[in-house]
Amino acid sequence: MAHAYLDRVVLIDDSTADLFLNQMVLEESGRVSQIDTYTYADEALAALTTPDAPPVDLILLDINMPRMNGFEFAEAYEAAVDLDTAPVILMLSTSKHEEDTRRAQQYACIRAYINKPFTAAQFTAVLEQHFAPGA
């Protein structure tokens, strides 16, 4: 069982239903202190890359969004931050296309590609893989 506790998680998805469901998974886990949500990736990017932005532990990132998609966000984010101290980013998508999975793997900041819906079991696995002692 994962014992990690996250201070801040950011959800980026243009679907209000997906934002709601992902937020419920995180809240019900009892392992997240603060959850910030964004429906537009460009707004999230601006907030996350300001000099006084509070640290983030985990970002859940959708692929298909208006204005800036998840891949565009990843590219801009990698250019703007120190990847050694960057949060774990998980790309969440309904796309099961291998091309999307391969493309996500090209970004150093994206640690995993997960098909929606994001579940409590997936969150537990993320905690164990990326946040447990020695991870």
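Because the structure is a prediction, the values reported are computed rather than measured.
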Q) What residues, two or more places apart in sequence or in another chain, satisfy side chain to side chain contact (heavy atoms under 4.5 Å, CB included) together with D82? A) D84, T85
Q | Atom pair CG (L11) and CG (D18), whose distance is rounded to the nearest 0.5 Å | A | 10.0 Å
Q) Quick one: are T37 and I35 in side-chain contact, heavy atoms under 4.5 Å? A) yes
Q: Check S29 against F123 and note the closest heavy-atom contact, atom names and distance.
A: OG-CE2, 3.3 Å
(Q) Through direct or indirect side-chain contacts below 4.5 angstrom among Ile, Leu, Val, Met, Phe, Trp and Tyr, which residues connect to L21? (A) F20, M24
Q) How close do T49 and A80 get, heavy atom to heavy atom, and via which atoms? A) CG2-CB, 3.7 Å
**Q.** D13 side chain to D62 backbone, donor-acceptor under 3.5 Å
**A.** no
Q: Take F131 and L58, measure what side chain to side chain contact (heavy atoms under 4.5 Å, CB included) needs, and give me the verdict at the end.
A: CA-CA 10 Å; F131 298 100; L58 175 66; 4.3 Å; yes
**Q.** side chain to side chain contact (heavy atoms under 4.5 Å, CB included) against P66, all qualifying residues, sequence neighbours excluded
**A.** D14, Y40
**Q.** Test item: N22 and V9 side chains (from C-beta on) under 4.5 Å apart, heavy atoms
**A.** no
Q. Do any N or O atoms from the side chain of E72 and from the backbone of N69 form a donor-acceptor pair under 3.5 angstrom?
A. yes
Q: Measure the shortest side-chain to side-chain distance between R8 and P54 over non-hydrogen atoms and say whether it is less than 4.5 angstrom.
A: yes
Q.
For L19 and T39: C-alpha separation, side-chain torsions, deciding distance, then whether side chain to side chain contact (heavy atoms under 4.5 Å, CB included) applies.
A. CA-CA 8 Å; L19 283 174; T39 54; 3.6 Å; yes
**Q.** Hydrophobic cluster of Y38, others only, ordered by chain and residue number, side-chain cut-off 4.5 Å
**A.** V10, I12, L45, L48, V56, I59, L61, I63, M65, M68, F71, F73, Y77, V81, L83, I89, M91, Y107, I110, Y113
Q: Specify the closest pair of heavy atoms between Q34 and V32, including all atoms of both residues, with the distance to one decimal.
A: O-CG1, 3.5 Å
(Q) What's the separation between atom NZ in K116 and atom OG1 in T94, rounded to the nearest 0.5 Å? (A) 6.0 Å
Q: Spell out, as yes or no, whether a donor-acceptor pair under 3.5 Å connects the side chain of N115 to the backbone of S95.
A: yes
Q | With sequence neighbours excluded, residues passing side chain to side chain contact (heavy atoms under 4.5 Å, CB included) with T50 | A | D52, A53
Q. Is there a donor-acceptor pair under 3.5 Å between the side chain of Q122 and the backbone N or O of T119?
A. yes
(Q) Suppose the criterion is salt bridge (charged side-chain N to carboxylate O under 4.0 Å, His left out): which pairs have a residue in residues 100-115, not counting sequence neighbours? (A) E98-R102
Q | 4.5 Å side-chain heavy-atom contact, R31 and L127 | A | yes
